[in-house]
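First up is the structure itself, then whatever we jot down about it.
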Amino acid sequence: MCGIAAIFSHQAVNQELYDALMVLQHRGQDAAGIVTCEGGRLHLRKENGLARDVFTNALMLRLKGNMGIAHVRYPTAGCTNSTEAQPFYVNSPFGLTLAHNGNLTNTEELKIVLFVEDQRHLNTDSDSEVLLNVFAHELQSLGKLHLTVDDVFQAVSGVHRRCRGAYAVVIMIAGYGILGFRDPHGIRPVVFGERKGAQGSDFMIASESVALDVLGFDLIRDLEPGEAVFIEASGALHTKQCAEKIDHCPCIFEYVYFARPDSIIDDISVYKARLRMGEKLAEKVLRVWPDHNIDVVIPIPDTSRTAALQMANILGVKYREGFIKNRYIGRTFIMPGQKMREKSVRQKLNAISLEFEGKNVLLVDDSIVRGTTSAQIIQMAREAGAKKVYFASAAPPVRYPNVYGIDMPAAHELIAHNRTEDEVCAAIGADRVIYQELDDLIDAVRKGNPDIKHFDTSCFSNEYITGDVDDAYLERTEALRNDHAQTERNSENAIIEM
């Protein structure tokens, strides 16, 4: 799960790309990068860290040009390696840079073909570099000295034929323009918009509509699954469906946790979807626990506030802010390494004892993934004087890994894997746990856009929509993603960089 942005403008784009990354920072805090194009020359800056730390004033001044792409990263392969910060670059053909959100599921197969048949060299373990080289090969195989718009779209069609998994992508072709496209399932989000000015229209592509809002762009629409948009260096915009077969199946976890509530994804308001999640969850409480003794509903900031407020309204109990958040600590779910996540919880949250003392408290969170954070928060509530601590999750039990760009851990690291809800309750130290039903979650999200027939719910249902994820694949993924493997790789990287 990463954030991508691309801008074509009649003015310099460095500041606006930086502003876009600040808006999309919630999607990744491991690394940030911007590349701009001035004439035919590319200017690149990328490094580990938050966007505000990666880009100084002096470095920003070097990012010249009126078009560019940007990326905030969090590691889907479980490592924090500066060599995998994006955008990636290849010089042939034409000079290409890419920023990618998602995860390919046939990366290992593609690596072999790229080396043996396409004779392209890979320098990292990133699937994003694989994707870039696939696109580069498809473009180069056309044998053109000068590109047309149809050539660009033909190369995207080649990517769709060869790549499987989830990908929302922006690519800049030096001297030619900016390209954005989405995988045939539309798993990861991407939108584009326009800003009209005296000199003509500027265009922007981004992971979430909120990035367009902040920079004054009007949302045109989401890219359809398999569709590509290309903005020429002249400012002309073109779109084309490049996939032979599409099956719209967006990731439902975007609405549960990742996206900002002020974003609209696939014509669904994230904010309203979360309101409906709260409604559904409250209705379940009233159905299975009609004689509940909840005194107060308290959200675990920030993502669960919307659902928690709606729950309190329907249950007819008080809503209170019981935790104060330190906003200078990152999102714990996307922090690499379990020790770092555990250490950050008490740094991030502090309980207001007056809201807990002597009360039966219902804590509401967007989801329960590893469970360690939930356990610490429940303990904090007890230390603040809560009499009973109940825990509600706006999402169903997360029992299976996500392989489409969300670095959910190996199955055995998921608190709900091979556990009943009662066993999860005991493991995190709650007096009662209430999970959202999967059908209720789907209904809550789909109500915003009934045209979407199904969602990627693999982390809840163990159903992987690309059809190429089997036990062997999950075992390989687990070897890469578990916390022990992350620690090993990070130690190796630290030695290499010393």
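Between V149 and E232 there is a side-chain heavy-atom pair separated by less than 4.5 Å. Using a 4.5 Å cut-off on side-chain heavy atoms (C-beta onward), I465 and S458 make no contact.
Every residue meeting the side chain to side chain donor-acceptor pair (under 3.5 Å) condition with D468, not counting sequence neighbours, appears here in chain and number order: T105, R164, T466. By the side chain to side chain donor-acceptor pair (under 3.5 Å) test, Q140 pairs with S92, R120, sequence neighbours left out. For Y167, the ring-ring contact (aromatic ring centres under 6.0 Å, His included) criterion is met by H160, not counting sequence neighbours. In this view, F94 and Y176 satisfy the ring-ring contact (aromatic ring centres under 6.0 Å, His included) rule, not counting sequence neighbours. Applying the ring-ring contact (aromatic ring centres under 6.0 Å, His included) criterion to F135, with sequence neighbours excluded, gives no partner residue. Residues passing the side-chain contact (heavy atoms from CB on, under 4.5 Å) test with E108 are K111, sequence neighbours excluded. By the side chain to side chain donor-acceptor pair (under 3.5 Å) test, H10 is found to be paired with D202, residues two or more places apart in sequence or in another chain being considered. Residues that satisfy the side chain to side chain donor-acceptor pair (under 3.5 Å) test with E437, not counting sequence neighbours, are K284. Partners of R161 under the side-chain contact (heavy atoms from CB on, under 4.5 Å) rule, at least two apart in sequence or in another chain, are E138, S157, E244.
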Derivation of the side-chain hydrogen bond (donor to acceptor under 3.5 Å, both in side chains) call for D247 and H454: CA-CA 9 Å; D247 179 22; H454 54 181; 2.7 Å; yes
side-chain hydrogen bond (donor to acceptor under 3.5 Å, both in side chains) assessment of S128 paired with Q86: CA-CA 9 Å; S128 301; Q86 297 184 39; 2.9 Å; yes
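T477 places a side-chain N or O within 3.5 Å of a backbone atom of Y473 that can act as its donor or acceptor partner.
Checked by atom type, the side-chain pair E208/H26 shows a donor-acceptor distance below 3.5 Å. Between the side chains of S126 and E84, not a single donor N or O lies within less than 3.5 Å of an accepting N or O. Counted by atom type alone, E478 and H412 present one or more donor-acceptor pairs between their side chains at under 3.5 Å.
Here L42 contributes atom CG and T97 contributes atom OG1; the two are 6.0 Å apart, rounded to the nearest 0.5 Å.
Residue pairs meeting the salt bridge (charged side-chain N to carboxylate O under 4.0 Å, His left out) criterion with at least one member in residues 393-405, sequence neighbours excluded, do not occur. Sorted by first and then second residue, the salt bridge (charged side-chain N to carboxylate O under 4.0 Å, His left out) pairs with a member in residues 150-159 read K144-D151; sequence neighbours excluded. Sorted by first and then second residue, the side chain to side chain donor-acceptor pair (under 3.5 Å) pairs involving residues 213-223 (not counting sequence neighbours) are R221-E227.
When the options L179, I178, L237 are evaluated for a side-chain contact (heavy atoms from CB on, under 4.5 Å) with F230, the one that passes is L179. Considering D125, T124, N106, L114 as possible partners of V130, the one that fulfils the side-chain contact (heavy atoms from CB on, under 4.5 Å) test is L114.
For the pair R62 and E38, the salt-bridge criterion is not met [side-chain N within less than 4.0 Å of a carboxylate O]. Salt-bridge check for D456 with R188: failed, with every basic side-chain N at 4.0 Å or more from each acidic carboxylate O.
Between F253 and F460, the two ring planes are tilted [angle within 30° to 60°].
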